Every structure is written in structure tokens, then in C-alpha cells.
Amino acid sequence: MSDATSIKSIMSENRKFPPPPAFAAAAHIKSLDEYEAQYRRSIEDPDGFWAEVASDFHFFRKWDRVLEWNLPDAKWFVGGQTNVSYNCLDLQIERGRGDHTAILWEGEPCDATGKPTEIRRLTYRQLLDEVCRFANVLRNLGVGKGDRVTLYMPMIPELAVAMLACARIGAPHSVIFGGFTAQAIADRVIDAQSKVVVTCDGGWRRGQIVPLKANVDEATKLTDLIKTVVVFKRCGNDVAMKSGRDVWWHDLMRDVSHECRAEPLDSEHMLYLLYTSGSTGKPKGIQHTTAGYMVFTAYSAKLIFDLRPDDVFWCSADIGWVTGHSYVVYGILQNGVTTVMYEGAPNHPAWDRFWRIIERHRVTKFYTAPTAIRAFMKQGRQFPDACNLSSLKLLGTVGEPINPEAWMWYHEVIGRKSCPIVDTWWQTETGGILITPLPGVTATKPGSATRPFFGVEAAIMSKDGTVQPANSGGYLAIRKPWPAMLRGVYGDRPRYERQYWSEIPGVYFTGDSARRDEDGYFWIMGRVDDVIKVAGHRLGTAEIESALVSHPRVAEAAVVGFPDELTGEAIAAFVTLRTGNAADDGVKGELMTHVAKQIGAIARPKQIRFTESLPKTRSGKIMRRLLRELATKGSVEGDTTTLEDFSVIARLREDEA
Ligand code: WT7
């Protein structure tokens, strides 16, 4: 990890965009003064602040204490009992939203004229009915409170149904992104010790069927933990059903009761596990719990997206990532609005698909990733220009820093210069948005996530915990617990302490470098560890490397990220082959396919370079920093004093020439 003093910030962006006055006038938070006053209160009196926020939610039993903080363990709303599924559904119905559309879904397939052939709307009442039935199905399968259930599904309403059903009975879910394949599924199932998997025969993606059930079948060859596979019929493709293990969703749903009372759960009961990549080792199961996550996601969604009863909110993220958990499902449904789900690819049948969805359903707030915006930019503005986007009132981004050029395009072409943009910084671990503009308040600067949300004490620090002066780079840290923070890494307490609470003693370490400018705005500069962000998705070096090494021709491998115009970062792999294997393009292709097959297409290296040996420290650690420099700049200028064998770098350079 590089030293804080060597983190230099090179961006200087001076444009400033105040919120549109009409937007500000009607917003939940209307003025900078209001933000400042509430922010101050949230920091000085967090207990009072969050108690007031939480009083809007349904608790079966009220909490005794708002926060119990024993570093690094936070407990929120201690002694309280609630249920997230109840707050997403029953409470909304009690509030008169029963007949309002909760989920508005479009499948990918289209007819010859480009119209989608499947659109489904589920009201809050209908969604509750489905959720209760599936909760009963899970119970009938023997799933009890605390049992982990794996959900490996495409973006269809049943994924949300399954999540909410799990939440209803207190069975933590572990959603695995539908783009991952067998090895990734097996690793996560084993880590979570999950016996039940819910999947589909397939899902549509770019006109093709993703063979989800077949991938689960492959995974069952790698672990014998899986006792039951529930299969929802989505595409009608042929699947093998193993008797005694595989069961059809629709068969199980037929005879169950439509009623299922939400289980009162302790505030700190585990709501879900979500696996994410770190710099080393296997993916970590990030643990989120019930009440704090519930309150924070709902409240942050309400203020940051300025949600109104008639909003049609579309977050285009896959539910397989945390963005989908918090701002497709939990945070949005708790506000009683309509959440849009789209099954497929942004370019199917053509590059106007997203804009057509916005036009068709009069989407009011749209939340997406910079990598998607860059892809749309590349295709040209004729696609959005041909659509009526006048329903849009607010735009958001998440996942990686947005380059000012893409920000301006989003602002002008999609927002027609009249929508505030919220550039939201957060992580799988933070559960919800921590640094962000408030749309009626903050004058935005393209490329900055601006200022901390309520209750969030963010700081730029050096390794020893010294707060850095304005405009000098350092590590982004969070100094106080917040309600939606992770509660642990599943089954790995040391990793939780080491990764998040030891790098800078006493504060939460984000793994990001950043600076804070003279206005107190945060500018995220990137990761300081070996995490690679491809299209906004976090991939760990170790998982990709072990996929490479599992190929019979490979002796050793190291992967690093390098800048890519479209995906932000792409993967470069440095590979040492076993003797007797020719280093040619055929092998390169073979290895790329192998990684995609093992983990998923998102992990496919864009570049593979063969090398006789990898640069290592004397203790044998691969110096990815040097490889990163080589992949990025084509040369190594950084410090090589800890390198064991200097000639390795020279030879790598020659290989490139
Ligand atoms: C990492 C977390 C949180 C949902 C999606 C990603 C980067 C995230 C921003 C932003 C600059 C950002 C950080 C962070 N990141 N949002 N607005 N500006 N960088 O979740 O996969 O857990 O990744 O994404 O590097 O640490 P994740």
C-alpha cells in the first residue's frame, strides 16, 4: 500500500452546478442552512437524531438504546424487534399504498417492432401475497430463522420476492450475481454453509439464455452441501431436474397459504450476507443486520433521491450487487414508491433500450453507473435524443469516480440541464450511501461526491490517523459508526478487524484514497489496495489468479487493473506457464475463456502477458504495484528496492517490446 503522502491529486474541476431553484423549493431538505444544522445535530447527538428518524418505522418492540458502540462493534436500536419485509410491504399497505405499483418489471425479449413482450406490475398487495407464499414454501422446505438461503437468479420480480420472503422469516439471504458461474457459486455456498439454493432455468441477456440452473448443477459437483434447489421457470429452456433435490417453484407455491406473519426479529438479527472482493483471499461475506440497515437505506433513499409518492424510481444495478439490495429493493420499497426492474442488457434490442424504458414508464429518477454512461456516450446521443425523457427529475451515479466529461454528458443529454445529479459514494460494507449531494441543496461539481450524509463523519487521514489539510490526498476514513454499517465478515472475525479497523486505529478504513477540497467536498481518487473495479464491480485479484492457476498450463499468475476508457479499469494478467507450453495467442484465448467460465465473463482478462517469472519481494509477495505500473504506463519508475530479482522487471519490459 502506498504512503498517504505519495497520493497526489491531479484533478482540478472548477465548474459548479447549483440545484435547480424549483427542485430546491419543493425538496425534503431545501437549503444549505438546513443541511448544516441537521448534519451538526446528527453528529453531536446521534442517539437523538436516529431515534427521531426511526420513529417513522414499524417496530414490534421499541429499542432500549439507540446505539451501543464497542469499537469495532456497533449495535443499533438495541433491544428492539422489527422486520424489514413488514416495513417494505405491510406498513406500506397500512399507509394506503396497497394498490400502488411496487415493482414494475420489463423482461428483455422484444417483438419485431422493438416492443417488450413482457411487462409485469405488482402492487404492494400482490407483492405481499407472493412474499407470504414463498416464505411458507421456504418454511416447508425446513428453512428456519438464521438459515442462509442462496439466491442465484436473473433480474425478475421473483428475486425480490425471495429476498423479502427470507427477510420475513429471518433467514439471511445470500444473493449471487447471475453473471457468476459454478466456482464462484460453490465458494459462496460453502462459505455461507447454505443448503437451499433458489434459481431459474435461465435468464435472458442480450438475446441469449444464461443457463443458471446448469451453472448450479456444475456447482453441486464442487460441493455436496446443497440439499434443495428451487427452480423458477423463466425461459422454458431444458433443465435437468434431479429428483429428491430439485423442485419447481410453481409446484411448491400451488398449495401454500397466502398468509405468513412477519417474524419479529431482533434489531441485530442478520438480514443478509453479500459476498464482495477484497485484496487478498477468498470473497468476504459482508454481514448486514436488520434495524439499522432498514432505517438507513429508507431514510437515505428518501432524502438523496428526494422520493415522492408518485415517483417511478429506476436503479439499473443488478440485485446481485449491494446497489440493487439497498436501492432497488429495501430502501425504495420502504418509501412506498414504484421500483423499476429490467431483466436484460442495455443494448438489447438496440442501444436505446434504457431511454425507451424511461419513456415508456415515465421514470422520474434514474440511478446508474459511470461505466454505463460512458458506454452510452460512445454510442452517441441520437439514441436518447429520439426518446422523450421529460419525466426525469433527478439522476444519480454510483460505483466509481465519474469523469467530468461523462458527468457533463449525463447532465446535458439525459438530464437536459434540468436534473440535479447525485454522485453517491458508498460500498458493499457501508450498506447505504455515505457521501453524496442532497439534490435540493448541494451545488455539485462534476466528479465529486461532495459532502457526507447525515450521521456520517468522513475524514481524510494519513496512516497514523492525522487528519489531512484541505486538498492533500490521504485515506478516506469514517470516524463514527452509522446504522447500515457492516457488522462483520461472515466466519472471519480477524479479517473484519484487520481489514476495516486496524489500518488506521480506531476508525473505519474504506480502502479508498481521496481528498477534501476547500469547500469540504470529497473527491475519490481510487482504491489503495489490489481491488480491481471493472465496470464498477469489485473484483479481487486472488479469485482471478486462482482461476488462472487452476488451468493445467499455468504455473503462476498475477493480475492487476489498468485504466480502460469504457469499464474504468480492465484486467491485465501476467502469467507464467508450466514448462513445455508455448506462449502463443491460442493459449491466451484459452486462458481468457477459462477465467470467464470459472468466475464469469466480468472477470475475463482483457490482456494476458506471458513472463518467465513474476516480480516478488524477498518474502515472496508478488509486487502488483510494479505490474500495475507496467500495465498502465509501460514502464516501472516506482521504488524497486524491495524487489528480490531486478532482472524480472527488465525481462518483463523486453517481453512487451
Ligand atoms: C467502491 C465500493 C456502493 C455500490 C457500488 C460499489 C468505489 C463507489 C463511488 C463514487 C467514486 C466510488 C469506491 C468504493 N465507489 N461509489 N460515487 N465515486 N468511487 O460497491 O463494489 O462495494 O465498491 O466503489 O472505490 O470503495 P462496491
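Note that ligands are numbered from 1 as they come in the structure, with each ligand's atoms numbered from 1 the same way. Given the structure is predicted, the values throughout are model-derived calculations rather than measurements. Positions are given from 1 along the sequence. For the numbers below, each heavy atom of this structure counts, side chains included, while hydrogens, waters and symmetry mates do not.
For Lys393 and Phe23, the positive end is not near the middle of the six-membered ring at less than 6.0 Å and at most 45° from its axis. Note that Arg148 lies outside the cation-pi zone of Tyr490, set by a 6.0 Å cut-off to the ring centre and a 45° limit from the axis.
Those atoms of ligand 1 with a heavy atom of Val398 less than 4.0 angstrom away are 3 (C), 4 (C), 5 (C). Every atom of ligand 1 with a heavy atom of Asp423 under 4.0 Å away is listed here by number and element: 10 (C), 17 (N), 18 (N). Atoms of ligand 1 found under 4.0 Å from any heavy atom of Thr424 (numbered from 1 in listed order, with element): 9 (C), 10 (C), 16 (N), 17 (N).
Contact of the Ile460 side chain with the Phe522 side chain is registered, since non-hydrogen atoms from C-beta on lie closer than 4.5 Å. The side-chain heavy atoms of Pro437 and Pro420, taken from C-beta on, include no pair separated by under 4.5 Å.
Contact annotation: for Val322 versus ligand 1, heavy atoms closer than 4.0 Å belong to the side chain alone. With a heavy-atom cut-off of 4.0 Å, Asp512 touches ligand 1 through its side chain alone. Proximity of His537 to ligand 1, defined as any heavy-atom pair under 4.0 Å, is not found for any part of the residue.
With respect to atom 11 (C) of ligand 1, the closest heavy atom belonging to the protein is Pro401 N, 3.1 Å. Protein heavy atom at the shortest distance from atom 6 (C) of ligand 1 is Lys533 NZ, 3.4 Å. Closest protein heavy atom to atom 21 (O) of ligand 1: Arg538 CD, 3.2 Å. Ranking protein heavy atoms by distance to atom 16 (N) of ligand 1, first place goes to Gly399 N, 3.1 Å.
The shortest heavy-atom contact between Gly465 and Ile504 is CA-CG2, 3.6 Å.
Salt-bridge annotation for Lys284 and Asp492: absent, with no side-chain N of the basic residue lying under 4.0 Å from a carboxylate O of the acidic one. Look at Glu569 and Lys533 and you find no salt bridge, because none of the NZ, NE, NH1 or NH2 atoms lies under 4.0 Å from a carboxylate O. Salt bridge status for Lys445 with Asp517: present, with a side-chain N to carboxylate O gap under 4.0 Å.
Below 3.5 Å of separation, one finds an N or O of Gln427 facing an N or O of ligand 1. Below 3.5 Å of separation, one finds no N or O of Thr323 facing any N or O of ligand 1.
Taking the six-membered ring wherever Trp is involved, the centroid distance between the rings of Trp76 and Phe296 does not fall below 6.0 Å.
Within the structure, ligand 1 lacks Ala449 among the residues with a heavy atom less than 4.0 angstrom away. Contact annotation: Glu400 has at least one heavy atom less than 4.0 Å from an atom of ligand 1.
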